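It should be emphasised that the depicted structure is a prediction, and the values quoted were computed from it without experimental measurement.
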Amino acid sequence: MSDNNNSTCNEQVFDKFFKSNSKLLRNYIYYKFGDLEQAEDIVQDAFIKLWNNCSKVSIDKAKSYIYTIATNLGISVTRHQKVRFKYRDYITQRKTDINHESPEFIALEKEYMEKLKSAIADLPERQREVFLLSRIDKKTYKEIAELSNVSVKAIEKLMHKALLTLRGKIGNI
């Protein structure tokens, strides 16, 4: 980095340039994109890029450089926000669709849940315990084995038997 008195890499020159242009640039970006906090972040990023490229940008070209960088960053942020909004709208729509299922679907779901609860209740005690610890409490086979004072292999066998029984009564789970 050169350190002459008119170089962007000179800290005093850069500091003076920052103080004389940062507020104007912030206002420009704020007016262009409408978000003050975002504008302040973009200005900081633009000046950081200028500092990182100070050897390539002379002081007489620095103003157009930071305005171009800031505008491009603003456009990029706006594009990203559009994608986020689209995704948020999609998720909101999906939740709305799910919440407005047909009465027939709701009745079938309720019937299935009753069948499942009944089938789980009919399992032998150890199989039911292992199944519920695994599927409801999200415990690993190792954790269940430690709780039950048995081997992991024994837990695997109990879970296998429980799943076979449940599949036999209500189909694939």
Side-chain angles (χ1 to χ4, degrees), residues 1-102 105-106 109-110 112-113 116 129-153 155-156 159 163 172-173:
M1 286 189 211
S2 65
D3 215 20
N4 66 33
N5 292 339
N6 208 16
S7 170
T8 314
C9 294
N10 180 311
E11 286 186 34
Q12 284 87 16
V13 171
F14 186 87
D15 189 49
K16 183 178 176 188
F17 179 77
F18 176 81
K19 287 178 181 172
S20 65
N21 289 285
S22 62
K23 192 171 184 179
L24 292 171
L25 179 59
R26 186 207 60 203
N27 290 343
Y28 170 77
I29 296 298
Y30 171 59
Y31 299 148
K32 188 166 183 77
F33 297 103
D35 184 340
L36 184 60
E37 210 172 282
Q38 174 186 324
E40 289 172 349
D41 290 344
I42 288 171
V43 168
Q44 290 298 315
D45 290 344
F47 275 98
I48 289 170
K49 283 191 185 230
L50 174 61
W51 179 255
N52 289 338
N53 294 303
C54 66
S55 61
K56 300 174 191 166
V57 181
S58 63
I59 196 69
D60 54 319
K61 305 243 186 224
K63 189 170 184 176
S64 72
Y65 179 84
I66 60 167
Y67 274 78
T68 302
I69 293 295
T71 301
N72 290 342
L73 286 170
I75 291 168
S76 181
V77 167
T78 302
R79 282 185 187 142
H80 178 69
Q81 285 176 339
K82 282 182 181 177
V83 169
R84 285 179 49 210
F85 290 143
K86 243 184 193 177
Y87 179 72
R88 188 194 68 206
D89 291 346
Y90 170 76
I91 294 298
T92 303
Q93 183 60 43
R94 282 292 296 147
K95 285 181 179 175
T96 302
D97 290 348
I98 290 170
N99 291 338
H100 290 78
E101 297 291 348
S102 71
F105 176 81
I106 293 170
E109 184 180 38
K110 190 174 181 180
Y112 179 80
M113 290 305 293
L116 178 61
E129 179 184 344
V130 169
F131 179 82
L132 293 174
L133 284 170
S134 174
R135 295 299 201 259
I136 305 300
D137 292 344
K138 304 294 185 206
K139 300 258 186 231
T140 63
Y141 288 173
K142 184 179 179 185
E143 291 171 327
I144 298 169
E146 289 171 2
L147 286 171
S148 303
N149 293 323
V150 295
S151 69
V152 173
K153 199 69 171 167
I155 298 301
E156 289 173 356
M159 185 60 145
L163 289 173
N172 281 340
I173 296 178

Trainee: Looking at every non-hydrogen atom in both residues, tell me the closest pair between Phe14 and Phe47 and how far apart they are.
Mentor: CZ-O, 3.4 Å
Trainee: For Ser20, is there any backbone N or O sitting under 3.5 Å from a side-chain donor or acceptor partner on Lys23?
Mentor: no
Trainee: I would like to know whether Thr8 and Tyr65 meet side-chain contact (heavy atoms from CB on, under 4.5 Å); could you show each step before the answer?
Mentor: CA-CA 12 Å; Thr8 314; Tyr65 179 84; over 6 Å; no
Trainee: Using 0.5 Å steps for rounding, measure from the CZ atom of Arg26 to the CD atom of Gln44.
Mentor: 11.0 Å
Trainee: To the nearest 0.5 Å, what is the distance between CZ on Phe33 and OG1 on Thr78?
Mentor: 5.0 Å
Trainee: Nearest 0.5 Å, please: how far is CD in Glu143 from CD1 in Ile155?
Mentor: 11.5 Å
Trainee: Any heavy-atom pair between the side chains of Ile29 and Glu40 that's under 4.5 Å?
Mentor: no
Trainee: Quickly, which of Asp35, Leu73, Thr71 forms a side-chain contact (heavy atoms from CB on, under 4.5 Å) with Ile42? Name it, please.
Mentor: Leu73
Trainee: Between Asp15 and Glu11 (side chain of the first, backbone of the second, donor and acceptor by atom type, cut-off under 3.5 Å), is there such a pair?
Mentor: no
Trainee: What are the two closest heavy atoms between Glu156 and Tyr141, and how far apart are they?
Mentor: CG-CD1, 3.4 Å
Trainee: Would you call Lys49-Asp45 a salt bridge at under 4.0 Å N-O?
Mentor: no
Trainee: Minimum heavy-atom separation for Val152 to Lys142, with atom names?
Mentor: CG2-CA, 3.9 Å
Trainee: For the residue pair Lys139 and Ile144, what are the closest heavy atoms and their distance?
Mentor: CB-CG1, 3.7 Å
Trainee: Contact between Ile69 and Leu50 at the side-chain level, heavy atoms closer than 4.5 Å - yes or no?
Mentor: no
Trainee: Let me see the working for Leu163 and Arg135 under side-chain contact (heavy atoms from CB on, under 4.5 Å), right down to the final yes or no.
Mentor: CA-CA 11 Å; Leu163 289 173; Arg135 295 299 201 259; 3.6 Å; yes
Trainee: At their closest point, which heavy atom of Ser134 faces which heavy atom of Met159, and how far apart are they?
Mentor: OG-CE, 3.2 Å
Trainee: On the 0 to 90° scale, with breaks at 30° and 60°, tag the Tyr67-Tyr28 ring pair as parallel, tilted or perpendicular.
Mentor: tilted
Trainee: Atom OG1 of Thr140 and atom CG of Leu133: how far apart are they, to the nearest 0.5 Å?
Mentor: 10.5 Å
Trainee: Determine the minimum heavy-atom distance between Ala70 and Leu25, stating which atoms define it.
Mentor: CB-CD1, 3.8 Å
